[in-house]
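A short worksheet on the structure shown next.
Treat the numbers as computed from the prediction; the structure is a model and nothing was measured. Chain letters run A, B, ... following the sequence lines, proteins first and then strands; every chain starts at 1.
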Number of protein chains: 2
Amino acid sequence: MRLVIARCQVDYVGRLTAHLPMAQRLLMVKADGSVLVHSDGGSYKPLNWMSPPCWLIEEPGTWVVQNKAGEKLVISIEEVLHDSKHELGVDPGLVKDGVEAHLQELLAEHVTTLGEGWSLVRREFPTAIGPVDLMCRDSGGASVAVEIKRRGEIDGVEQLTRYLELLNRDPLLAPVSGVFAAQLIKPQARTLAEDRGIRCVVLDYDTLRGTESDDLRLF
Amino acid sequence: MRLVIARCQVDYVGRLTAHLPMAQRLLMVKADGSVLVHSDGGSYKPLNWMSPPCWLIEEPGTWVVQNKAGEKLVISIEEVLHDSKHELGVDPGLVKDGVEAHLQELLAEHVTTLGEGWSLVRREFPTAIGPVDLMCRDSGGASVAVEIKRRGEIDGVEQLTRYLELLNRDPLLAPVSGVFAAQLIKPQARTLAEDRGIRCVVLDYDTLRGTESDDLRLF
DNA sequence: GAGTCCATGTCGTCC
DNA sequence: GGACGACGTGGACTC
């Protein structure tokens with residue numbers, strides 16, 4: 001990784017056109033050739049950048065970074081205040097927990113959270129327009145499609161509605177009802193869902209995990 | 001801005017839980033207290049970070065960055081390989097061109113691109129669930145709601161569908177038809193749109209801009 | 001503050 | 001490689 005602090009001006013031409021006037025910034029050149037232009041504030045997003053795979057051509061006072069698609073980043077350098085290189089090696093990568101995939105696993109294992117006597121047909125139940133998170137049967141044997149979200153918003157309700165519309169055309173499955181399950185359900189999403197006859201269920205991640213721990217403790 | 005190259009381990013606890021094993025990385029501390037942890041590859045997104053406003057408490061071998069919401073980033077430092085500080089000053093900021101807002105402007109000025117004799121009622125036509133990009137009248141005086149996207153995907157069709165459903169309840173406007181206009185329309189979005197009686201129009205940014213230039217040349 | 005929508009979104013995964 | 005959905009989405013803008 002190369003770190004350069006420089007007074008520079010940056011122009012990007014690609015999916016859009018963008019210009020950064022002359023000012024002092026950090027230029028970060030990663031081992032894969034990608035370049036990031038950071039200011040001393042804002043958030044984690046650089047002011048400008050080029051993602052790998054891309055190539056940096058360095059001339060005195062001008063860097064040109066290009067990718068295969070023809071997007072181009074031109075950096076004009078007026079003054080270099082710092083320039084250092086560092087060997088970091090390959091990163092072992094991030095380990096995450098608590099995301100939707102895990103919620104789905106937990107709920108699949110404890111499908112009775114949704115109703116007494118319910119059973120799981122399968123996770124990622126395939127349809128022509130994409131997989132339904134969980135397909136279940138309720139205690140009466142009726143099909144229920146379950147959409148799981150961390151944050152339940154209007155998009156998720158639309159998604160489940162599309163699935164239900166399609167699934168209910170299949171005479172082997174119909175009638176299929178819907179459950180919208182999320183750690184947090186926004187009021188507007190709840191209103192839309194209930195208006196469409198979709199049941200809303202708020203999930204508690206710790207309780208689901210706790211249930212799992214309890215199960216394990218039985219052995 | 002402070003740049004530290006260090007062998008470190010990072011743990012984030014907040015909206016999710018994430019862990020980075022011990023390895024060499026760049027730690028960037030910005031003037032506003034925000035912290036970014038970068039590896040020597042990937043793209044512009046840091047492996048881990050804390051956005052401002054947040055506070056860094058530095059102890060020997062351990063940094064703790066926290067925000068008001070209680071999210072926490074704990075960085076355990078085993079070895080420091082580089083540590084430098086730089087005064088960058090405030091950045092003048094980025095100037096952009098070619099985004100959706102500009103597409104909307106251009107199409108609003110050249111609404112006849114959509115059809116002979118069409119006229120613009122208004123941009124950002126207000127509805128209870130959000131503004132419609134363009135409200136037009138066709139040559140016969142019928143209302144047309146236009147949704148503009150840079151990339152036309154399924155979400156955009158759903159959005160326009162919601163607007164149309166609402167607008168068609170208004171006897172003063174109904175019947176309202178829909179146009180889905182985008183620089184690129186994904187096949188699935190096109191299928192869904194046309195299935196719902198929504199017309200799809202592919203926009204050419206340069207042609208729209210060219211049309212504008214021609215107009216200007218007349219003066 | 002909540003709701004809504006754009007983004008050079010980026011990122012993973014599945015096909 | 002393309003399509004699709006999640007994201008610690010972030011950020012801007014409206015009400």
Side-chain angles (χ1 to χ4, degrees), chain A residues 10-18 34 36-37 42-52 54 65 67-73 93-94 96-104 124 126-133 147-151 153-156 158-160 162-163 182 186-189 191-192, chain B residues 12-18 34 42-52 54 67 69-73 94 96-104 124 126-133 147-151 153-156 158-160 162-163 182-184 186-189 191:
Chain A
V10 185
D11 284 279
Y12 165 76
V13 179
R15 277 167 281 185
L16 55 66
T17 302
S34 59
L36 282 64
V37 181
S43 71
Y44 71 67
K45 195 179 176 180
L47 293 166
N48 230 323
W49 71 93
M50 186 66 72
S51 302
C54 65
V65 196
N67 68 11
K68 222 171 173 176
E71 294 174 86
K72 199 192 270 194
L73 196 66
L94 191 65
K96 284 186 182 183
D97 183 25
V99 285
E100 193 197 286
H102 200 187
L103 263 185
Q104 194 191 104
E124 302 287 346
T127 78
I129 55 169
V132 176
D133 287 343
E147 179 66 34
I148 303 169
K149 295 277 180 225
R150 207 169 52 74
R151 294 167 43 158
E153 299 182 25
I154 222 160
D155 276 10
E158 297 286 16
Q159 193 182 338
L160 178 54
R162 288 199 297 275
Y163 290 142
K186 294 272 181 92
Q188 301 230 352
T191 305
L192 183 64
Chain B
Y12 164 76
V13 179
R15 277 169 281 185
L16 57 67
T17 302
S34 58
S43 76
Y44 73 66
K45 196 179 177 181
L47 292 167
N48 232 323
W49 71 93
M50 187 67 72
S51 302
C54 64
N67 68 9
E71 293 175 87
K72 199 192 270 193
L73 197 66
L94 191 66
K96 285 185 182 183
D97 183 25
V99 284
E100 193 196 287
H102 200 189
L103 263 186
Q104 193 192 104
E124 302 287 343
T127 77
I129 54 168
V132 176
D133 287 343
E147 179 65 34
I148 303 168
K149 294 280 179 222
R150 210 168 47 73
R151 293 167 45 153
E153 298 181 27
I154 221 161
D155 276 11
E158 296 287 15
Q159 192 183 338
L160 178 54
R162 287 198 297 276
Y163 290 142
Q183 283 180 290
L184 172 82
K186 295 273 181 92
Q188 301 228 354
T191 304

Rounded P spacing from C:dT4 to D:dG8 in Å: 22 Å
Flag, side chain of A:Asp97 to backbone of B:Thr17, donor-acceptor distance under 3.5 Å: no
Donor-acceptor under 3.5 Å (B:Asp133 side chain, B:Ile148 main chain): yes
Take the protein atom [atom1] of [X] and the nucleotide atom [atom2] of [N], then report the distance between them rounded to whole Å.
X: A:Lys186; N: C:dG1; atom1: NZ; atom2: C1'; answer: 11 Å
X: B:Leu103; N: C:dC5; atom1: CG; atom2: P; answer: 18 Å
X: B:Asn67; N: D:dG10; atom1: CG; atom2: P; answer: 11 Å
X: B:Leu160; N: C:dC5; atom1: CG; atom2: P; answer: 12 Å
X: A:Ile154; N: C:dA2; atom1: CD1; atom2: P; answer: 17 Å
X: B:Leu16; N: D:dA6; atom1: CG; atom2: P; answer: 15 Å
X: A:Glu124; N: D:dA3; atom1: CD; atom2: C1'; answer: 15 Å
X: A:Arg151; N: D:dG5; atom1: CZ; atom2: P; answer: 18 Å

[options]: which one has an atom nearest the side-chain heavy atoms of [X]?
X: A:Pro187; options: C:dG3, D:dA3, C:dC5; value: C:dG3
X: B:Arg15; options: D:dA3, D:dG8, C:dT8; value: D:dG8
X: B:Leu73; options: C:dC5, D:dG8, D:dG5; value: D:dG8

Base-paired stems that DNA chain D participates in, counting runs of 3 or more Watson-Crick or G-U pairs under 3.5 Å: C:1-7 with D:9-15, C:9-15 with D:1-7
C:dC5 phosphate, OP1 or OP2, under 4.0 Å from B:Arg162 side-chain N/O: yes
A:Lys96 vs D:dG8: side-chain N/O to OP1/OP2 distance below 4.0 Å: yes
Distances for protein N or O near nucleotides 11-14 of chain C N or O, under 3.5 Å:
{"residue": "C:dC11", "atom": "OP1", "partner": "B:Ser43", "partner atom": "OG", "Å": "2.3"}
{"residue": "C:dC11", "atom": "OP2", "partner": "B:Ser43", "partner atom": "OG", "Å": "2.9"}

If you compare all heavy atoms of [X] against all heavy atoms of [Y], which two are closest, and at what distance to 0.1 Å?
X: A:Ala189; Y: A:Ile154; value: CB-N, 3.8 Å
X: A:Leu103; Y: A:Lys149; value: CD1-O, 3.8 Å
X: B:Arg151; Y: B:Ala182; value: C-CB, 4.3 Å
X: B:Pro52; Y: A:Gly42; value: CG-O, 3.4 Å

Contact nearer the 5' end of DNA chain D, comparing B:Pro126 with B:Ala18: B:Ala18
Upstream residue (5' side of DNA chain D) when A:Lys68 and B:Trp49 are each assigned their closest nucleotide: A:Lys68
Along DNA chain C (nearest heavy atom to each residue), the more 5'-positioned of A:Tyr12 and B:Ala128: B:Ala128
Which part of the nucleic acid, if any, lies within contact of [X], taking any heavy atom under 4.0 Å across all strands shown: a base, the sugar-phosphate backbone alone, or nothing?
X: B:Glu71; answer: base
X: A:Pro131; answer: nothing
X: B:Asp155; answer: nothing
X: B:Glu147; answer: sugar-phosphate

Test of understanding: with side-chain contact (heavy atoms from CB on, under 4.5 Å), list the residues that count as partners of [X], not counting sequence neighbours.
X: B:Asp155; answer: A:Asp155
X: A:Gln188; answer: none
X: A:Thr127; answer: A:Phe125, A:Ile129, A:Val132, A:Tyr163, A:Leu166, A:Leu167
X: B:Glu158; answer: A:Glu158, A:Arg162, B:Arg162, B:Leu192, B:Arg196

Min side-chain heavy-atom separation B:Lys45-A:Lys45 under 4.5 Å: no
